[in-house]
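In what follows, every heavy atom counts, from backbone to side chain, and hydrogens, waters and symmetry copies are set aside.
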Amino acid sequence: MKKWLLEHKRILLISLSIICVLLLLWQVFASKIRQDVQDTLIQRISQQINGQLSVGTVDLSWSGRIRIQDVSLYDQQGSLLAQIPVIKMKYRWSDLTEGSLGMPQIETVILERGELWFKEDNNHFNWDDLLKKDQNETTTFRSKVELEDGKIHIETALFSQVLENSTGIIDWQNNPNMTINLKGKIDQSVVDVNGQWGENLPGDFKIQIDTLDIVKFNKLFAGTEYSLEGGTVRPLLINVQQDTKGTLHYQAEGSFSGVTMNGKMKIEEGQGKFSTDGTKIALEDLKLLIAGQSAQGQGNISWNNGVGMLDFAFTLPDADPAAFMSGITVARPLVLQVHVNGSVSEPNIGGSFSFPQISFSNMTVDSVTGNFRYTGNKVMLQQVQGSAYQGTLAASGTVVTENQSYELDVSGQGLNSSQLTDKDVQGPLAFNGHVSGKGEAAVTRGNFAIHDGKTYGLAFQKMTGLFVKNGNTTDISAIAIQTAYGTIYPEQLSQEALERLKLQDIPVSKGEIKRVVTDKLLEKLLR
């Protein structure tokens with residue numbers, strides 16, 4: 001080995017000298033390149049953007065790539081657009097040696113671990129006005145930008161996301177138009193971004209997310225009594241377009257499942273399909289549990305001057321009455337048609353209902369239908385109708401949901417009076433009353449009238465009175481009976497007149513008839 005070194009000593013010395021000279025020349029060359037990058041390229045870039053560019057150190061690698069560290073880019077308002085630890089730029093060696101370090105000469109740009117911020121504001125992205133409009137062909141950037149292990153922050157009116165482990169290419173070879181091909185992850189979901197963007201053609205790119213946590217859309221319900229607690233969108237397809245005026249347009253669609261929402265009424269197991277154009281979200285084939293009850297429907301959420309608006313229609317084909325009311329027995333199926341509209345913070349809830357039978361206070365009403373409107377903690381009942389005792393019943397009023405108490409105006413027409421009491425009274429009955437209270441403890445007060453009836457063999461033209469119904473007990477007062485002999489007031493007559501009439505079997509006088517009939521009614525009608 002020693003002999004070989006002695007024999008080649010001269011050659012080694014020459015080689016080492018050449019290497020030293022080359023290293024020296026490289027240092028001089030690299031130093032010049034670094035200075036040119038600082039003095040020309042970065043300065044030109046700064047002059048061609050509407051914002052501020054901040055850089056750290058600049059180096060030249062043996063491969064001919066310029067390496068710029070600690071790069072930050074800000075918009076005109078000082079908001080951060082990009083923060084990149086390392087940028088590598090590839091030039092041709094001929095351009096490097098000739099000092100042609102302009103933007104058009106860059107072959108590729110590699111962003112290592114870079115973070116980019118895309119924010120929508122008034123239908124425009126914060127990057128839209130970054131480049132100045134007076135650029136010419138000699139200063140235009142025409143190259144590819146490669147993103148390695150980057151992070152992209154996306155903030156729109158609908159949601160905010162961070163796309164991590166981002167890789168791909170943004171191609172500016174047809175500047176000012178560009179094509180985009182990126183991949184990344186949101187949580188554990190794979191995201192693909194593909195499309196084109198620019199000034200000479202409408203912008204159009206597509207985003208596909210295989211799985212997305214729906215809780216990320218919780219900002220839609222900010223300031224309301226509702227909150228999203230869970231759910232999954234799978235997959236989510238988003239198409240973002242920009243017209244020639246620079247205005248952004250969104251279209252998105254997907255399917256969701258497992259949605260849970262807390263509020264006045266808990267919503268669980270929500271599933272269906274949705275689509276949106278950026279101004280409203282339309283939902284179809286909805287299936288969910290409302291207060292534990294199966295429901296299906298469709299509707300949309302829209303935005304009017306920044307205020308969220310609802311318009312939904314639901315059907316509950318077989319709801320359990322116990323989930324909505326207590327103190328009364330309602331036969332199933334309870335069918336509800338529910339319409340929700342108005343602002344997200346204060347929606348209007350109303351609709352219609354029907355069920356085969358309801359029972360309370362020893363009274364059974366069949367074929368019940370009606371309308372309702374939900375306001376605050378009250379349910380307003382309207383046009384409630386049903387059939388009972390061969391007649392019809394109607395009701396309207398309010399039910400307080402917190403304690404299930406109610407205030408209702410009720411009425412009846414054409415009821416068979418003989419079925420309402422075990423007393424000897426016949427004829428069609430009509431009444432008006434008011435129900436106040438809760439369940440079996442509710443009290444009903446009102447008045448009644450029976451036309452062209454008969455009581456204990458005595459025909460009458462009209463019987464009227466007042467009643468108070470408390471549970472199974474009914475008190476009747478102020479009875480007046482209009483007969484061919486005149487008006488009889490049973491409460492004013494005696495038992496003696498009734499007994500005398502029964503023994504003689506004939507009326508003695510109009511006064512006795514009044515007294516007899518009245519006293520008999522008091523005995524058998526009144527409690």
Side-chain angles (χ1 to χ4, degrees), residues 115-120 123 125 147-171 178-197 202-222 226-242 248-261 267-289 295-303 308 310 312:
E115 285 193 68
L116 307 178
W117 282 264
F118 291 90
K119 182 177 181 180
E120 178 198 0
N123 285 322
F125 273 126
L147 188 62
E148 293 184 354
D149 194 20
K151 184 181 293 186
I152 301 176
H153 303 259
I154 303 174
E155 183 176 345
T156 72
L158 295 180
F159 66 97
S160 299
Q161 293 293 327
V162 178
L163 186 61
E164 299 186 277
N165 305 123
S166 302
T167 60
I169 295 175
I170 303 175
D171 192 340
M178 67 175 179
T179 58
I180 304 169
N181 189 341
L182 300 173
K183 279 185 176 294
K185 285 187 176 181
I186 295 178
D187 298 328
Q188 297 302 313
S189 302
V190 177
V191 182
D192 287 299
V193 181
N194 294 280
Q196 58 186 14
W197 207 258
D204 185 357
F205 67 85
K206 295 176 174 59
I207 304 172
Q208 179 171 329
I209 306 174
D210 60 356
T211 304
L212 185 66
D213 185 355
I214 204 169
V215 175
K216 297 180 182 294
F217 295 92
N218 204 20
K219 65 190 310 183
L220 294 174
F221 300 92
Y226 293 89
S227 62
L228 284 168
E229 301 298 325
T232 302
V233 176
R234 185 184 294 112
L236 174 62
L237 304 174
I238 304 174
N239 186 29
V240 183
Q241 294 180 325
Q242 187 178 46
L248 293 177
H249 303 277
Y250 292 92
Q251 289 182 332
E253 61 182 28
S255 299
F256 59 90
S257 61
V259 174
T260 299
M261 180 179 291
I267 295 175
E268 299 174 287
E269 299 181 18
Q271 59 179 299
K273 300 176 181 178
F274 76 93
S275 61
T276 176
D277 60 1
T279 61
K280 71 176 182 180
I281 299 177
L283 297 102
E284 299 178 344
D285 300 333
L286 285 175
K287 295 180 180 179
L288 62 159
L289 296 180
Q296 56 194 37
Q298 60 185 16
N300 61 71
I301 305 173
S302 59
W303 287 266
L310 302 175
F312 282 88

Chemist: Could you check if a side-chain atom of Leu147 sits within less than 4.5 angstrom of a side-chain atom of Thr167, using non-hydrogen atoms only?
Modeler: no

Chemist: Taking only residues two or more places apart in sequence or in another chain, which ones pass salt bridge (Lys or Arg N to Asp or Glu O under 4.0 Å) with Lys206?
Modeler: Asp204

Chemist: So do the side chains of Asn181 and Thr179 get within less than 4.5 Å of each other, counting heavy atoms only?
Modeler: no

Chemist: Is a side-chain N or O of Ser302 found less than 3.5 angstrom from the main chain of Lys280, in a donor-acceptor match?
Modeler: no

Chemist: Just how far is it from atom CG of Asp277 to atom CG of Asn239, taken to the nearest 0.5 Å?
Modeler: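 Output value for this atom pair is 12.0 Å.
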
Chemist: Once you round to the nearest 0.5 Å, how far does NE2 of His153 lie from CD of Glu115?
Modeler: 4.0 Å

Chemist: Can you name the residues that form a side chain to side chain donor-acceptor pair (under 3.5 Å) with Asp285, not counting sequence neighbours?
Modeler: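 Asp285: no side chain to side chain donor-acceptor pair (under 3.5 Å) contacts found.
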
Chemist: So, the side chain of Asn165 versus the backbone of Lys185: is there a donor-acceptor pair under 3.5 Å, distance only?
Modeler: no

Chemist: Using every non-hydrogen atom in the two residues, find where Ser189 and Ile209 come nearest and quote the distance to one decimal.
Modeler: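 Nearest pair, atom of Ser189 first, then Ile209: CB-CG2, 4.1 Å.
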
Chemist: To the nearest 0.5 Å, tell me how far Thr232 OG1 sits from Ile214 CD1.
Modeler: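 Here the interatomic distance stands at 8.0 Å.
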
Chemist: Which one of Asp210, Leu212, Thr211 satisfies the side chain to side chain contact (heavy atoms under 4.5 Å, CB included) criterion with Arg234?
Modeler: Thr211

Chemist: I need the minimum non-hydrogen distance between Ile238 and Ala252, along with the two atoms involved.
Modeler: CG1-CB, 4.0 Å

Chemist: Might you confirm whether atom CD of Glu229 has over 12 heavy atoms from other residues, nucleotides or ligands at distances under 6.0 Å?
Modeler: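 Counting other residues, nucleotides and ligands, CD of Glu229 exceeds 12 neighbours.
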
Chemist: side-chain contact (heavy atoms from CB on, under 4.5 Å) with Glu164: which residues, sequence neighbours excluded?
Modeler: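 For Glu164, the residues satisfying side-chain contact (heavy atoms from CB on, under 4.5 Å) (neighbours in sequence not counted) are Lys151, Val162.
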
Chemist: Roughly how far apart are Leu283 CG and Leu288 CG, rounded to 0.5 Å?
Modeler: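 One finds 10.5 Å between CG of Leu283 and CG of Leu288.
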
Chemist: Going from CD on Gln196 to CZ on Phe205, what distance comes out if it is rounded to the nearest 0.5 angstrom?
Modeler: 11.5 Å

Chemist: Roughly how far, to the nearest 0.5 Å, is the CD1 atom of Ile170 from the CG atom of Leu182?
Modeler: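 Interatomic distance, Leu182 CG to Ile170 CD1, rounded to 0.5 Å: 5.0 Å.
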
Chemist: Could you work out, with side-chain contact (heavy atoms from CB on, under 4.5 Å) as the rule, every residue matching Lys119, not counting sequence neighbours?
Modeler: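 Partners of Lys119 under the side-chain contact (heavy atoms from CB on, under 4.5 Å) test: Asn126, Glu155.
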
Chemist: Residues in side-chain contact (heavy atoms from CB on, under 4.5 Å) with Gln271, at least two apart?
Modeler: Ser257, Lys287

Chemist: Of all the heavy-atom pairs spanning Asn300 and Phe312, show the shortest one and how long it is.
Modeler: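 For Asn300 versus Phe312, the nearest heavy atoms are O-CE1, 3.4 Å.
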
Chemist: Taking ring pair (Phe, Tyr, Trp, His ring centres under 6.0 Å) as the test, write out the residues that go with Phe256, two or more places apart.
Modeler: none

